Amino acid sequence: MGNDTGLQRGDMTGAKALWATLANHGITTVFGYPGGAIMPVYDALTFYPEVRHVLTRHEQGAAHAAEGWAKATGEIGVCMATSGPGATNLVTGLADAMLDSVPLLAITGNVARHLMGTDAFQEADITGITLPITKHNYVVREVEDLPRIIAEAIRIARSGRPGPVLVDIPKDIQLAAFHGEIPAPHARPEIPAPAPEAIERARDMLSGAKKPVMMVGGGALDAAPEITALARAWDIPVITTLMGLGAFPSSDPLWLGMPGMHGSVAANRAISEADVLLGIGLRFDDRVTGRVNGFAPGAAIIHIELDAAEIGKIIRTHVPVRGDAKVAARLLTEGARPIQTAEWRATLAEWTSRTETPGKWGAGYAVKAVVDRLSENDILSSDVGQHQMLAAQLARFEKPRRWINSGGLGTMGFGFPAAIGAGMAEPGVRSVVIAGDGGFQMTAQELATLKMYDIRNVKICVVNNSFLGMVRQWQEMFHEKRYSEVWLGDSNPDFLKLADAYDVPGYRATNAEELPAAIDAWLADPKSALLEVVVPHEHGVFPMVPAGAALYEMIETEPGRTPDLHDAMDKAAEEAKNA
Amino acid sequence: MSHTPPIDQLLSILVRDEPRVLTRITALFGRRGYNIRSLSVGNTEHPGISRMTIVVSGDRGVVEQAIKQLEKLHDVIKIIDHSLEKFVDRELVLVKVAITPESRVEVRQIAEDFRSRIVDVGRHALTFEVTGDEGKLTAFIEQMRPFGILETMRTGRIALTRGSNADIPAHVYHEGETETLRPVVEGIEAREERARGVPNLF
Ligand SMILES: Cc1ncc(C[n+]2csc(CCOP(=O)(O)OP(=O)(O)O)c2C)c(N)n1
C-alpha cells in the first residue's frame, strides 16, 4: 500500500492532533481495535509513545475495559474502534456506561466525508445509533475542530453526572493537515452547592426522625468519607445500593446491607418501616425500589442528587437537595443533632442477625469462600447473574471504587474485560472477577489480552453451575420449572483447557473440601489465573423480592414448595393492579 | 406521579444550531413517552441559535420531567416555560376549501370574517391562509367544514412571552435570568471565531 496521506511524517494531521489532545489531557491508556476507517489514527499512534494502546480481542471488550478503568479510578476511560462493525460493537459498552454514569470517551473512525450517507463500505450512522445511549456525541466535520471537540467531549463526559461521549471522525479528517493549536484541558466545572434552605429543611426533617435510614448510591462513591461522618454524627443506619457498595464501610455496625430485589432482610425492612429516608446519589432504580407505591410507604424522603432530573422522577421527594453529595453531607454533618434511635437500632439489630450465611455447598458457599479471602484493597468485579448478587450480598467493602459491576444495564460479558481495565489502571492491586459460566463465555476471548500484555494481577473465578443460573431461577419460580434454553452443561468448554490455550494457569474445585486449597493456589499464582468452581446446578439467590412486588413482600429464604411462592406472586400482582 | 388529565403546555427551547439537534430533542420526548402535539423550529436573532416551540401534552409532572431532561442536553441553551407567564402564540394554517358557484360567496364571506387571505384560486377550490391562536384556527376550520375541506396544513404553534424580557421572572427562563443567553451567544461566537478565524460579530 502506498502512503495515502500525501504528508510527510513530521506533518501534523487530524490523527496526530487527536493523540496530542489525548496526551495533553493526561490520557495514558486507550483500549481499542483497528480497522480501515481508523487506520490513520493507528498510524499516528506510533508517534505518541506516551499513550499506550491496548488491543483487546473484541470492541465490546475494549469498551468494558475502559469502563473498568473508569470505575476503579473515577477518571475517564477511553476506547476506540473503526467504523461500521467496529463502532457497533462498542454499543453495549456505551449503553452500560450511560446507565451507570461512567465517564467514557469513545472514538470511532468513519468513512470519508464524501462517502458519508451513501451506504459506503463499513459505514454505519454511529452517532444516530448511539444518540440515546450517550450523554452527547459528535461527528467531526472540519479538521480544525477535532482537538476542540475532543477536549469538549472529555469535559462533558466528566462533568456533572458523568457519562459516555462518542466522537466520530471521518477518515479524510484524520488524514487532513492540521494547523490549529492543541487545547489544554478544560477546568473541571464547579459542582453546584446545595441551597442552604434545602439543607436546613433536611436537617429539620432528620432531627424529628425516630426511624431514619440513609440510602447511598453510586453517585456518592467519591463522597464516602463525608457520608461515613454524616451517618456516624447522626447515628443513622446506612444502606448501600448495588452501585453504592463501598460508599460506607461494611464493617460499621450502622451498615444494613444492600436494598432491593436481592437486598438484605434488614435493608428492605428498614426502608419499609422508616419514617425518614435520606437518599444520596441514587436514582431509585426499579430493582432497588420494588413496587414503587410500596416503597418506603411511611417515610418522608430527602433526596440529595446532582442530576435534577432524578429528583422526583420515580419517588415523590419531600426535601429535594440538588448538588454535590460531598458538600451536602458535610453541611448536614455540621448541624448534626442528637436523635433518639435506640429503639430503632434494636429492631434493626434483630433483623440484621437474619443475614443469610450460606451453609451448604453451592454457588453462595463458593462466592463467600472467595470474597472472604480478599483484602480491602483488592478490586472485585463481577459479571451478571446469580454470582453477581451473591457477591454483592456476601462481599464486604471498606472503601469505594473496589466493587465494579454492571448495575443499570446488567450486561453479561462485562465482568472479565472490566477487571482487565481495572487491573491495568492499578497494576499494583489484585483485580478479581467473579463470573458465571454463561457470562464469562461472552467475552472469554479477552484471555488473549492477558497474555499479550502479560497482565499478572487479574484473577478470574468462574462459578460453573452449568446453567444460565439467574434465568433458571426465575423459570423455577415463575414458570413452573420449564427450563427453556438455559442449560449450558453439555456444551460448556473445559474452562481450564480454555485458559491453558492462552497460557493462563487454571485451578478447579468441585466440592467444599477442595475449595480452600484451590483458592489459595489460584491467588498465590504469580500470574493472572482462572479458578473454576463447579457447583450444584439448582441453587437460588435469596432473599428475593419478586418483580412487581413491594420490598416488604420479600421472600427471605429458599422456599421449600413452589405453590407458596405462586401465592405470594399472585398476591403481589393483584395488589399492583389495585394500587 | 400525579395523574391529572393531560393538558397542552407550551415550551420554547433555544438550542445550538448543530446537526442532529432536532433528532436529539424529539428522540428524548419519544423515548420517555412524552407526547408532542406540535413542534416548530426556526432561526433566532442570534446566528448559531435556533428556537423551537414544542406543545407537550401531559400533566405538570410530565412537563417538569421533560424540562429537566432537556436541560441535560448539551445542545439546549435555555428553556422557557410558557405556562408560568403570559405569552402570545400564533399558528398559521393553509386550508383548501371546495367551492361551487353557489357556495363561493358564502365561503369568501366567512373567510373575510376571520380576516383570512386567499392565497390560491382554483376552479373548484379556494386556498386560505389564516393566522391566529388555536381557538381561532379551529373555529375557522369548523366553519369551512360543511363546504368540504380538501387539504389543510398547519405550521404548529409558536410562542413568545409577553412584555420585555426584563419584566419576566427568572424561573420562567429555566434556572437563570433573562440575560443568561448573552454569555452563551458570546461563547458560541468566540468558539467559532477561534475555530474558524472569523471575526466576532456580537
Ligand atoms: C448480554 C446479556 N444477555 C442476557 C442477559 C439475561 N441474563 C441475566 S442473568 C443471565 C444468566 C447468567 O448466567 P451465568 O453467566 O451462568 O451466571 P449465573 O446466573 O449462573 O451465576 C442471563 C441470561 C443479560 N443480562 N445480558
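Because only heavy atoms are used, hydrogens play no part in the values below, and waters and symmetry mates are left out as well, while side chains stay in. What you see is a predicted model, and the numbers here were worked out from it, not measured in a lab. Just so we're on the same page: letters track the sequence lines, and every chain starts at 1.
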Just wondering, more than 12 heavy atoms not from A:E190 lying within 6.0 Å of its CD?
-> no
About how many Å separate NE2 of A:H136 and NZ of B:K72, when rounded to the nearest 0.5 Å?
-> 14.5 Å
Could you have a look at A:R141, A:K135, A:E181 and say which one has the most heavy-atom pairs with chain B under 4.5 angstrom?
-> A:R141
By residue number, those in residues 19-30 of chain B with heavy atoms under 4.5 Å from heavy atoms of chain A are B:P19, B:R20, B:T23, B:R24, B:A27
Can you measure from CD (B:Q69) to CG (A:D307) and round to the nearest 0.5 angstrom?
-> 7.0 Å
Starting at NZ of A:K313, measure out to CD of B:E64 and round the result to the nearest 0.5 Å.
-> 15.5 Å
Residue pairs, two or more places apart or on separate chains, that pass side-chain hydrogen bond (donor to acceptor under 3.5 Å, both in side chains) and touch residues 93-118 of chain A | A:K71-A:D100, A:D96-A:S406, A:D96-A:T411, A:S101-A:R161, A:T108-A:D168, A:N110-A:D168, A:R113-A:D172
Are there more than 12 heavy atoms of other residues, nucleotides or ligands under 6.0 Å from atom CD of B:E129?
-> yes
Gap between atom NZ of B:K68 and atom CD1 of A:I311 - 0.5 Å precision | 6.0 Å
